[in-house]
Amino acid sequence: MLSIGTPTLGLIVAENAAFFVIASIILSIGVLRYRGTAPFPGPVRPWPTWFQIWFRVIWIAGFLLPLAALVGFGLVPNDGAVILALAPYFVMFVLQIVSEQYLFQVHKSPIWVAVPCLYLPWRLWQVVRGFQVMEPYPHLTLVTYTLWVLFVLWIINIGVHLTGIPGSMRYRQHKTVV
């Protein structure tokens, strides 16, 4: 993919920590901007059927598939490369969910919708890093295929999220001025 050498554990930890700090600062500024406004009630529910199906695809392909690869090819055989390629992905996946829930449940802030806008492109970078880590290990093709599935999944999900923001922000409930 990008042959700039295999990233080290220290580099990957530093990158992810820096991203988390920057994303948290951006989201904190967003919370402050909406301070004092009415609590945000959240996206309109029930979700359309297509989105319910897509949400399941996200959890299966974006969580269970890489978890199976991490356990089966990384943790069980104790393969450091697979762990380095996939563990940071899960840490940031969990931090994204925690951030979304914290902003939505605790702050009731509309800024929660920005969390995926920050984390989804970062997830693509993590997958690229995973490719770089796995490059010297061509025999672990199932891990590489898992990374490709993740790469395609998150590109599609960026589009789904960005095109869904008006719905998440209840745009249809606003009156049109002609």
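A quick note: this is a predicted structure, and the numbers were derived from the prediction, not measured. Residue indices begin at 1 and follow the sequence shown.
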- request: Check whether Val94 and Ile97 end up in the same hydrophobic cluster, where Ile, Leu, Val, Met, Phe, Trp and Tyr are linked by side-chain heavy atoms less than 4.5 Å apart.
  value: no
Pairs meeting criterion salt bridge (charged side-chain N to carboxylate O under 4.0 Å, His left out) with involvement of residues 139-154, two or more places apart: none
query: Looking only at heavy atoms, which two atoms of Ala61 and Pro66 are closest? And how far apart?
result: O-CD, 3.2 Å
- request: List the steps, then state whether side chain to side chain contact (heavy atoms under 4.5 Å, CB included) holds for Phe73 with Thr146.
  value: CA-CA 11 Å; Phe73 296 101; Thr146 299; over 6 Å; no
task: For Pro7 and Val133, work out which heavy atoms get closest and say how close.
output: CG-CG2, 3.8 Å
message: Whether the side chain of His161 engages the backbone of Val113 through a donor-acceptor N/O pair (distance < 3.5 Å, no angle test) should be reported.
response: yes
- prompt: Parallel, tilted or perpendicular: which fits the ring planes of Trp112 and Phe104, with parallel below 30° and perpendicular above 60°?
  reply: perpendicular
field: Straight-line distance of Leu140 CG to Leu147 CG, nearest 0.5 Å
entry: 10.5 Å
field: Path from Val106 to Val31 over hydrophobic side-chain contacts below 4.5 Å
entry: yes
- line: Hits for side chain to side chain donor-acceptor pair (under 3.5 Å) against Glu100, two or more places apart or cross-chain, chain-then-number order -> Gln96
task: Apply side chain to side chain donor-acceptor pair (under 3.5 Å) to Tyr145 and list each qualifying residue two or more places apart in sequence or on a separate chain.
output: none
- prompt: Does any non-hydrogen side-chain atom of Val128 lie less than 4.5 Å from one of Gln132?
  reply: yes
Shared hydrophobic cluster, Val149 / Val143 (ILVMFWY, side-chain heavy atoms < 4.5 Å): no
query: Should Leu64 and Ile58 be counted in the same cluster of Ile, Leu, Val, Met, Phe, Trp and Tyr side chains packed under 4.5 Å apart?
result: yes
Side-chain atoms of residues 79-93: list all donor-acceptor pairs with protein atoms under 3.5 Å, sequence neighbours left out, distances to 0.1 Å.
{"unit_1": "Asp79", "atom_1": "OD1", "unit_2": "Ala81", "atom_2": "N", "d": "3.0"}
{"unit_1": "Asp79", "atom_1": "OD1", "unit_2": "Val82", "atom_2": "N", "d": "3.4"}
{"unit_1": "Tyr89", "atom_1": "OH", "unit_2": "Gly62", "atom_2": "O", "d": "2.5"}
{"unit_1": "Tyr89", "atom_1": "OH", "unit_2": "Trp154", "atom_2": "NE1", "d": "3.1"}

- request: Please round to the nearest 0.5 Å and tell me the distance separating atom NZ of Lys108 and atom OG1 of Thr37.
  value: 13.0 Å
message: For residues 8-18, which residue pairs pass the side-chain hydrogen bond (donor to acceptor under 3.5 Å, both in side chains) check, not counting sequence neighbours?
response: Glu15-Trp125, Glu15-Arg129, Asn16-Trp122, Asn16-Gln126
query: Closest heavy-atom contact between Leu124 and Phe151?
result: CD2-O, 3.6 Å
message: Let me confirm one number: the CZ-CD1 distance from Arg33 to Ile111, rounded to the nearest 0.5 Å.
response: 7.5 Å
- request: Could you note down all residue pairs passing side-chain hydrogen bond (donor to acceptor under 3.5 Å, both in side chains) where residues 48-65 supplies at least one of them, sequence neighbours left out?
  value: Trp54-Asn157
field: Gap separating the CE atom of Met134 from the CG atom of Leu142, nearest 0.5 angstrom
entry: 10.0 Å
message: Give me the atom names and distance for the closest heavy-atom approach of Pro110 to Phe40.
response: N-CB, 3.8 Å
message: Between Leu150 and Leu65, is there a side-chain heavy-atom distance shorter than 4.5 Å?
response: no
message: Run the side chain to side chain contact (heavy atoms under 4.5 Å, CB included) test on Tyr119 and Leu95 for me, step by step, so that the C-alpha distance in whole Å, both residues' side-chain angles and the decisive distance to 0.1 Å come before the verdict.
response: CA-CA 9 Å; Tyr119 278 84; Leu95 287 174; 4.2 Å; yes
field: For Pro77 against Gly72, the heavy-atom pair lying closest together
entry: CD-O, 3.4 Å
- prompt: Are Ile60 and Trp148 connected, step by step, through hydrophobic side chains (Ile, Leu, Val, Met, Phe, Trp, Tyr) whose heavy atoms are closer than 4.5 Å?
  reply: yes
message: To the nearest 0.5 Å, what is the distance between CG on Leu27 and CG on Leu32?
response: 11.0 Å
query: Taking atom CD1 of Ile156 and atom CG of Leu120, what is their separation to the nearest 0.5 Å?
result: 12.5 Å
